[in-house]
Amino acid sequence: MFQDLRHSNSSKFQVSEFILLGFPGIHSWQHWLSLPLTLLCLLALSANILMLIIINKEATLHQPTYHFLGILAVVYMGMATNITPKILAILWFNAKSISLPECFLQMYVIYTFMFMESGIFVCMAIDRYVAICQPLHYPSIINKSFVVKATVFRTVRNSLSSIPVLVLAAQRHYCSKNQIKHCLYSTLGVTSLSCDDKRINSVYQLLLAWTLMGSDLGLIIISYVLILHSLLKQSSAEAAPKALSTCTSYLILILFFYTILIVLSVTHGATKTVPLIPVLLNVLENVIPPALNPMVYALKNKDQRHGLYKFLKLNCQGS
């Protein structure tokens, strides 16, 4: 009887905040991770801002390809500034608590930015496909109108698709546990603390992953398979390597993005034995691409290198 009473009381109690425990297994020295995280965040912000300035100032970069890069830079800055401040607050000030509405809002933003990143990769893959396989039709297909329409469609699609994740998580009843062995508010980590049936959350997230991320990955694979097929058919000894070189920088970031997602999915079941691995991968997924993106494109793209040199030269002369 007393056990039933205690169970009834605990089921009626609603948790008012969540507690993030940080990096599992390394609490005693996890504050040292604040240094590389701070450097990565500052690098991501400064490098992506510099990329946006160069694209805006250099007339030769006023093309759909670089417009997509600029949009991706904005997404990356949003990703870095969304999670890094809270992680640093945990590591520096032990500020581990957060209210439920703030937690759900951050989860929504993480999902939206992740889907937006995947969507921009699709647009970039289509851009490269048309440029290499249909070069004569490129100006009429890939233009400013296409960039605006694709960006608006992806933004609306991702924003609306992420709302049920927020709503379903908020509808769960959190009655006892409120400690999350993580430094981010992942949906699976939060909903696992609920006391009621959470199957609908898992089903929707699975459907969302397969429909949005799966379709994006499928379109990317098809685009690059067609590009490779077109390059193999080209008779020019110089055209194929040049075209392939333009795709390399895209493929580096795309492979990193989807590889991390796949590894996260595989290691999620291993959280009971090695909980640190998925937590680190989740953090790296949100800070490494924003920091690497400008450097990858600056090193691989001649137009961007020229724009960077020109920008730095003008600044040096002005000073």
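FYI, side chains are in, hydrogens and waters are out, and symmetry mates aren't considered; it's all heavy atoms of this structure. For reference, positions follow the sequence shown, starting with 1. Since this is a predicted model, take the numbers as computed values, not measurements.
Considering only heavy atoms from C-beta on, Val165 stays 4.5 Å or farther from Tyr108 through its side chain. Taking the side chain as every heavy atom from C-beta outward, Leu193 and Gln179 never approach each other to under 4.5 Å. Contact annotation: the side chain of Pro64 never approaches that of Phe146 to less than 4.5 Å [non-hydrogen atoms, C-beta and beyond]. You'll find the side chain of Leu69 reaches within 4.5 Å of the side chain of Gln304, heavy atoms only. Under the 4.5 Å side-chain criterion, counting only non-hydrogen atoms from C-beta, Leu166 is not in contact with Met107. Side-chain contact between Arg172 and Ile200: present, with at least one pair of heavy atoms (C-beta onward) separated by less than 4.5 Å. In this structure the side chain of Phe256 never reaches within 4.5 angstrom of the side chain of Thr259, judged on heavy atoms. Met124 is listed as a side-chain neighbour of Ile120, based on a closest heavy-atom distance under 4.5 Å.
Following chains of ILVMFWY side-chain contacts shorter than 4.5 Å, one cannot reach Leu42 starting from Leu284, and the two form parts of different hydrophobic clusters. At a threshold of 4.5 Å between side-chain heavy atoms, the hydrophobic network of Ile, Leu, Val, Met, Phe, Trp and Tyr places Trp92 and Leu37 in one connected group. Neither Leu35 nor Trp29 shares a network with the other; the hydrophobic side chains, linked directly or stepwise wherever heavy atoms of I, L, V, M, F, W or Y lie under 4.5 Å apart, form separate groups for each. Trp32 and Ile26 fall within a single hydrophobic cluster, where Ile, Leu, Val, Met, Phe, Trp and Tyr side chains are chained together by heavy-atom contacts under 4.5 Å. Both Ile222 and Leu231 are part of a single hydrophobic cluster, where members link through side-chain heavy atoms under 4.5 Å apart.
Note that NE2 of His67 and CD1 of Ile142 are 13.0 Å apart. Values are rounded to the nearest 0.5 Å. To the nearest 0.5 Å, atom CG of residue Asp216 and atom OG of residue Ser118 are 3.5 Å apart. In this structure, the separation between CG on Leu168 and CZ on Phe104 is 11.0 Å, given to the nearest 0.5 Å. The CG atom of Leu40 sits 11.0 Å away from the CG atom of Leu45 when rounded to the nearest 0.5 Å. Note that CE of Met79 is 12.5 Å distant from CE of Met116, once rounded to the nearest 0.5 Å. In this structure, CD on Glu17 lies 12.5 Å from NZ on Lys96, to the nearest 0.5 angstrom.
Side-chain atoms of Asn158 come within 3.5 Å of backbone atoms of Arg154 as a donor-acceptor pair (strictly under, hydrogens ignored). In this structure, Ser34 contributes its side chain and His31 its backbone to a donor-acceptor pair below 3.5 Å. Side-chain atoms of Thr84 do not come within 3.5 Å of backbone N or O of Thr81 as any donor-acceptor pair. Judged by distance alone, with hydrogens and angles left aside, the side-chain atoms of Lys177 form no donor-acceptor pair with the main-chain N or O of Cys195 at under 3.5 Å. Gln205 places a side-chain N or O within 3.5 Å of a backbone atom of Asn201 that can act as its donor or acceptor partner. In this structure, Ser215 contributes its side chain and Thr211 its backbone to a donor-acceptor pair below 3.5 Å.
Using a 30° and 60° split on the angle between ring planes, Tyr258 and Phe121 fall in the tilted class, from 30° to 60°.
A donor and an acceptor atom, one from each side chain of Tyr138 and Asp127, are located under 3.5 Å apart.
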